[in-house]
Number of protein chains: 2
Amino acid sequence: MASQGAFTEIASLAGDPARAGMLHALMDGRALTASELAQAAHVTPQTASGHLTKLAAGGLIAVEKQGRHRYHRLASPAVARMLESIMQVAADARPRVIVTGPRDKALRAARTCYDHLAGHLGVALADAMIANRQIELTADAGIVTAEGASLFERLGIALETRKPERSKRILCRPCLDWSERRPHIGGALGAALCAHCLTAGWIRRVEGSRAVSVTTKGRQRFREYFAIEL
Amino acid sequence: MASQGAFTEIASLAGDPARAGMLHALMDGRALTASELAQAAHVTPQTASGHLTKLAAGGLIAVEKQGRHRYHRLASPAVARMLESIMQVAADARPRVIVTGPRDKALRAARTCYDHLAGHLGVALADAMIANRQIELTADAGIVTAEGASLFERLGIALETRKPERSKRILCRPCLDWSERRPHIGGALGAALCAHCLTAGWIRRVEGSRAVSVTTKGRQRFREYFAIEL
DNA sequence: GCGATACTTCGGCCGTGACCGTAACGTTCC
DNA sequence: GGAACGTTACGGTCACGGCCGAAGTATCGC
């Protein structure tokens, strides 16, 4: 089969510890410089450069030159989904020794997963919206109800229905959380929600991590709109 | 981060050519013996055995003893989704030399993707059901409409709504086809549909491949129920 | 122009891991 | 019991690929 070679190339690209560290660091959806990624992977800049070249050649990351910096980001949402699915299998088959460091704790509490929210916060949001009949989720798929749509309208979040034809239903993607083992909200809906939380100052990115922290305002708003106690 | 080690382990397990070949062979959802997998991966039985031990230890495959055979299958749908997502990235970043052999041709026409239908047939089915307003699909999610539910009832396919509570809507998972680059029907719905096609004799598995062939009866039924000309 | 910063390329060292041959082990069938 | 089949264990070879040091190429600020 012709596609097999490509498959092994992609998988082995992700299977190296240093490169995995870089991909991990890029999972929050932002673009990072080569030196930042070298630091994240605990290797020297030369080594990192080689890895980045390979990742770019394999189509996993995209590079953008800007002055003397080179910004690297995941090439597409498909790559993010791939990484997420690998993490899920990894977490699944792992009831082994789990060393929960303090940084891990923050990650488990709330983090971004490429472009949407994950961790305890992400799952709590999904749970709340399900309880409030604003969305419906299974392991496979999800939809936004009329109540959900009106909530987003109240929040000032524009949900561009990608299918303007005639279907009024809005769909979203469930994304199994590797720390909570339960689905949170992904897809375009999750991305819009996450973006709103950031711009409205409900949450803030934690420096040098995928973790996010909930602000006082955010705590209040989450209670107000979603009936979540954090 | 604690999870990173597990991530690299899983990815590098999949990143070896021989193991990738085996996983590929298991992608049709059936259980195969070690010798069959050795043949599929083009290695000696001893080598294959070592790989299978590792794959099992990593939680990618499950082993079942039966007489003097040992049947190996993918450990879970999550693993199948992971493989699929890797294939998708691999296909995505590959506008390179595509050597389309005769076997590839059959695969592109119709094949199983773990437990549901893919290839030209799979995409055609999805297209037809969308056109007939029996399902709605985006890249992220999908649902079955009332018309869709009644079709499945006519076909004698029981769709156990996994959420018996009160939601009458049935959800399904879109799965981006790596050969057609468009979504086909996955999830529980796709699995039920595929199983029905097999048991009703609409399609038949091609020996030693993930490809399936459409029978004369199948051609007729697909026209009758889905208005598809093959 | 100059040095400083950011990144890449080159060359050589070294460890990991895939592979096979041989051989042993365990089941099943006759 | 013994033959046939299938799987596992061990030892040795070999090649691929990661890693760093040193040197080379772009871009910024002065």
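Here is the naming used below: chain letters follow the sequence lines, and residue numbers restart at 1 for every chain. Atom set for the values below is all heavy atoms of this structure, side chains included, hydrogens, waters and symmetry mates excluded.
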[X] has an atom [atom1]; how far is it from atom [atom2] of [N], in whole Å?
X     : N      : atom1 : atom2 : value
B/H72 : D/dT8  : NE2   : P     : 7 Å
A/H69 : C/dA4  : NE2   : P     : 18 Å
B/L55 : D/dT7  : CG    : P     : 15 Å
B/Q39 : D/dC5  : CD    : C1'   : 15 Å
B/E9  : C/dT16 : CD    : P     : 16 Å

If we count only N and O atoms by modelled type, under 3.5 Å, do the side chains of A/T33 and A/E36 hold a donor and an acceptor together? yes

Side-chain donor-acceptor contact under 3.5 Å, A/S179 with A/R111: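 Present: a donor and an acceptor within the cut-off.
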
Dump the pairs, protein N or O against N or O of nucleotides 13-19 of chain D, anything under 3.5 Å, distances to one decimal.
residue, atom, partner, partner atom, Å
D/dG18, OP1, A/R19, NH1, 2.9
D/dG18, OP1, A/R19, NH2, 2.9
D/dG18, OP2, A/K54, NZ, 2.4
D/dC19, OP2, A/H51, NE2, 2.5

Students often mix this up, so state it plainly: with edges at 30° and 60°, are the rings of A/F7 and B/H24 parallel, tilted or perpendicular?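 If you compare the ring of A/F7 with that of B/H24, the planes turn out perpendicular.
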
Would you say the base of C/dT22 and the side-chain of B/Q46 have a donor-acceptor pair closer than 3.5 Å?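 By the distance-only test, yes, there is a pair.
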
Is there a side-chain contact between A/Y114 and A/L83 (heavy atoms, below 4.5 Å)? no

For D/dT27, does OP1 or OP2 lie under 4.0 Å from any side-chain N or O of A/K65?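 Checking A/K65 against D/dT27: at least one side-chain N or O falls below 4.0 Å of OP1 or OP2.
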
Looking only at side-chain N and O atoms, does A/R70 come under 4.0 Å of OP1 or OP2 in C/dT8?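 A/R70 to C/dT8 OP1/OP2: side-chain N or O found under 4.0 Å.
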
With side chain to side chain contact (heavy atoms under 4.5 Å, CB included) as the test, would you mind laying out the steps for A/L13 and A/L60 before giving the verdict? CA-CA 9 Å; A/L13 274 175; A/L60 291 186; 4.0 Å; yes

Pick base, sugar-phosphate or nothing for A/T33, based on heavy-atom distances below 4.0 Å to the nucleic acid. sugar-phosphate

As a test of understanding, state which of A/R108, A/Q88, A/H184 forms a side chain to side chain donor-acceptor pair (under 3.5 Å) with A/D177.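 It is A/H184; the other options fail the test.
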
